[in-house]
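Single-structure report; data block below.
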Amino acid sequence: MKFTRDANANWKGSGKDGHGSLTTGSKILDKTAYSFHTRFEDGEKGTNPEELIGAAHAGCFAMQLSFLLNEDNFTATSLDVDATVVFEDGAITKITLNLVGDVPEIDAEKFQQIAHKAKEVCPISKVLNTAIELKVTLKKA
C-alpha cells in the first residue's frame with residue numbers, strides 16, 4: 001500500500017516573536033496556531049511540533065498494536081496511549097509511550113510481547129531517531 005498525506009506550515013515574523021499556523025490535508029488542523037510561546041512556554045493557546053509528533057506516534061502505535069492483537073485473535077476493548085515527548089538541547093531525546101490496555105482473554109506476558117513488537121514496527125517509531133520507552137499496563141476485570 002502506498003499513499004501520501006499533506007500538511008502546510010505558515011510562519012510570519014521572527015523566531016521568538018513570530019507566529020504561524022498549521023493546516024493538514026484533511027483540514028482537521030485548519031490554520032491551527034503555533035508559536036515560540038506554544039512550543040517553549042505554557043499558557044498560550046496553540047499547538048507545537050512536539051505534541052503533534054506525540055499524537056502521531058500514540059495514534060500510530062495504538063492502531064499498529066490493534067492489528068497485531070487481531071493477528072493473534074485478540075480484540076482490544078480499549079487501548080489508551082499517552083506519548084510524552086522530551087525536548088532538550090535542541091533535539092527530541094526520548095519519547096515515552098504509556099499504554100493501558102483492556103484486552104479480554106490475554107495474559108500480561110503476551111500483551112507485553114505484542115506491545116513491544118508494535119513499538120518496533122509502528123511506522124512512526126521507525127521514522128523517529130530517538131529512544132522510545134514503552135510502559136504497558138493490562139487492565140484485568
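Here the structure is a predicted model, which is why all the values come from computation and not from measurement. Residues: numbered from 1 along the sequence shown.
- At least one donor-acceptor pair closer than 3.5 Å links the side chain of T24 to the backbone N or O of L29.
- A 4.5 Å side-chain heavy-atom check between H19 and Y34 finds every atom pair outside the cut-off.
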List the steps and the verdict of side chain to side chain contact (heavy atoms under 4.5 Å, CB included) for E133 and L97.
CA-CA 6 Å; E133 181 180 353; L97 298 175; over 6 Å; no

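- Donor-acceptor pairing under 3.5 Å is lacking for the side chains of E120 and S125.
- Not counting sequence neighbours, F74 has no partner by the ring pair (Phe, Tyr, Trp, His ring centres under 6.0 Å) test.
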Derivation and outcome, side chain to side chain contact (heavy atoms under 4.5 Å, CB included), residues N10 and N8:
CA-CA 7 Å; N10 176 272; N8 171 266; 4.2 Å; yes

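- The distance from atom CG of L79 to atom CG of L65, rounded to the nearest 0.5 Å, is 5.0 Å.
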Give the intermediate values and the outcome of side chain to side chain contact (heavy atoms under 4.5 Å, CB included) for residues L99 and L134.
CA-CA 7 Å; L99 165 66; L134 174 62; 4.2 Å; yes

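- For the atom pair I28 CD1 and D30 CG, the distance stands at 9.5 Å (nearest 0.5 Å).
- Side-chain contact between T38 and T47 is absent, with no heavy-atom pair separated by less than 4.5 Å.
- Residues T93 and E88 have side chains that bring a donor and an acceptor to within less than 3.5 angstrom of each other.
- A distance of 12.5 Å separates NE2 of H37 from CG of D42, quoted to the nearest 0.5 Å.
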